[in-house]
Structure formats: structure tokens, C-alpha cells
Amino acid sequence: MGTPHIAAEAGDFAPDVLMPGDPRRARRIADLVLEDARQVTDVRGILGFTGTHEGRPLSVMASGMGMPSLTIYATELIRFYGVRRIVRVGTCGGMSPDVDVNDVVVALAAHTDSGMTASRIPGVHFSHVATFDLVRRAAAHVVAGARTHVGAVLTSDHFYLERPELFRLLTAHGTLAVEMEAAALYAAAAAEGAQALAVLTVSDHLLTAVELTADERERAFHSALEVALAALAD
Ligand code: HPA
């Protein structure tokens, strides 16, 4: 079989998928957490791996960047490969003074001004929310040496567009951080009847212009991965 964007056979994916944006991150996560990992797809360089983690089947599949890309992969995984739970493991830019670089943000909800949502359910300001069970386990997991926040993020179509007034308003309304995929994941999971969560590390901050060193980035990535795995451990 296979789909337009995934060259895998039925049964090649586990019901649970960890989803970083970057295909090399997917390979890295597979190396770190999967036993008996095998690559199951590489269309467009978007790598997918399946193996086991602590005795349970688990897949890792990249999403690429932005809402359209993630929506294609998440929809096909759920609709054609029987995937039931997808946990995005990614990075975000801190918006709130309450979050620091290195912190972990569990995206309880994802605001967005994306046209993808406007076209999915016209006329409604759809609430993009994570699956409660996944949030509950992620929030309960304590990572040594890392702070975890649970709250709303902005899913933006833009990386480089500066919108200080919009960011000020969103921060004033409790938004913690900005990234580019969570709302799409939550909408696709809702549409396809699956579960979803995004666990993000704060890789940079809009207020402080602090950026992580390579070492710090690596440690922060491990923290998010640990929280993502805890979300799936039931
Ligand atoms: N904007 C959007 N996505 C991001 C950012 C950002 O500043 N940092 C990490 N992902």
C-alpha cells in the first residue's frame, strides 16, 4: 500500500507516534528510545521509524515544518495506518516572562490565526486542545533539573513576521510560547478521532533574545522527550 506521502505498508506504524519536526531528530529519537528500530518510510526525506520502547510498540515520524506539512502526515498516519496517539516533540519561542529558555511547555491549547483552521470549520473560533489523558500524565511527570509549564501556545504560520502588538495581546491573555504545528496536530487528531499532545522546549525567547548553546539545546531536548514518553506511558 502506501499513501501519497508515506511509503510504508499497513502495520508498519505503532499506534503511538512521537513526532518531531526535523527528520534528523526523528532518527536521533529512534536511536535513543527505540529497540529494534527499522526505518519504515523516507518519502521527501521525512523519515519514519518503528520499534519498541520498554516493551511497547512505538513509532517516530517527522512532521516537517508548519501546519500544512504536519496535517498531511498526521492525517495519513491516523486515517491509513491506524495511529491512535501522536505526541509532537518540538521547540518553541518563549513569549511569556514566566517561561525561560530550557523550560518545557506542555501545550494544553494552541491558538492560531491560520487559514487552515478557518477553512476547516468556517465561522467558528475552534479551540485546539490537547487530549486530557496525555496532558495529565505529561503534567504529572517531574524532570530533574527542568521546569515544566502547562498552558496555551500560539501556532503561527510565520517564523519571521514580527507582530509585537499581537504577541503583547496574546501574552496578556496567558499565552506561553509560539511555535508552528501544535494547532494543526490538535485539529487533525480531532477530525480523525485520535489523541494528541505537543511537548515543546523553549529554544529562544522573544523578550530576552537568549538562545541555547548546543549543549543546553541537547539537554532541553532530552527533557521534552522524557515528558513526551511519560505522556504515552499508561
Ligand atoms: N517562532 C516560531 N516557531 C518557533 C520559534 C519562534 O520564535 N522558536 C522555535 N520555534
Side-chain angles (χ1 to χ4, degrees), residues 18-26 28-29 46 60-74 86-118 128 130 138 143 146-188 196-228:
L18 291 175
M19 183 170 269
D22 177 357
R24 281 192 296 194
R25 265 279 141 90
R28 194 70 218 302
I29 294 172
I46 296 289
V60 184
M61 168 99 185
S63 68
M65 286 183 282
M67 293 179 61
S69 183
L70 180 136
T71 300
I72 288 169
Y73 297 110
I86 300 178
V87 179
R88 161 165 158 70
V89 194
T91 59
C92 61
M95 287 171 70
S96 161
D98 296 340
V99 308
D100 265 324
V101 288
N102 264 325
D103 291 357
V104 174
V105 172
V106 174
L108 180 64
H111 311 305
T112 188
D113 57 355
S114 169
M116 289 198 78
T117 296
H128 302 81
V143 181
R147 283 203 308 165
T148 299
H149 309 264
V150 181
V153 301
L154 170 68
T155 300
S156 172
D157 282 337
H158 289 278
F159 189 87
Y160 290 111
L161 186 65
E162 297 204 7
R163 294 180 289 177
E165 179 57 12
L166 177 69
F167 285 11
R168 187 191 68 73
L169 281 168
L170 283 164
T171 306
H173 287 76
T175 310
L176 300 177
V178 54
E179 54 82 73
M180 301 184 70
E181 292 86 13
L185 175 60
Y186 296 173
L197 177 67
V199 180
L200 310 160
T201 44
V202 181
S203 59
D204 50 81
H205 203 294
L206 275 53
L207 297 178
T208 59
V210 176
E211 284 186 28
L212 293 186
T213 64
D215 269 5
E216 289 169 330
R217 201 178 280 271
E218 189 62 19
R219 206 159 1 104
F221 159 65
H222 280 263
S223 303
L225 186 55
E226 190 179 318
V227 172

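FYI, side chains are in, hydrogens and waters are out, and symmetry mates aren't considered; it's all heavy atoms of this structure. Both counts, for ligands and for their atoms, begin at 1 and track the order of listing.
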*Nearest-contact summary for atom 2 (C) of ligand 1 - protein heavy atom, Å*: Phe159 CD1, 3.7 Å
*asked:* Just to check, does Ser156 reach to within less than 4.0 Å of ligand 1 when the distance is taken from its heavy atoms?
replied: no
*Would His205 and Asp100 count as having a side-chain donor-acceptor pair, cut-off 3.5 Å?*
no
*Does a side chain donor of either Glu226 or His222 reach within less than 3.5 Å of an acceptor in the other side chain?*
no
*For atom 3 (N) of ligand 1, what's the nearest protein heavy atom and its distance?*
Glu179 CA, 3.5 Å
*Structural part of Cys92 in contact with ligand 1, heavy atom criterion under 4.0 angstrom*: backbone
*Judged by atom type as modelled, is there a donor-acceptor pair below 3.5 Å linking the side chain of Thr155 to the main-chain atoms of Ala183?*
yes
*Any N or O on Met180 sitting closer than 3.5 Å to an N or O of ligand 1?*
no
*asked:* Under 3.5 Å, is there a donor on one side chain and an acceptor on the other for Glu179 and Thr91?
replied: no
_Identified side chain to side chain contact (heavy atoms under 4.5 Å, CB included) partner of Val150 from the options Val105, Leu108, Val104_ = Leu108
*Polar proximity ligand 1 side, Asp204 side, N/O cut 3.5 Å exclusive*: yes
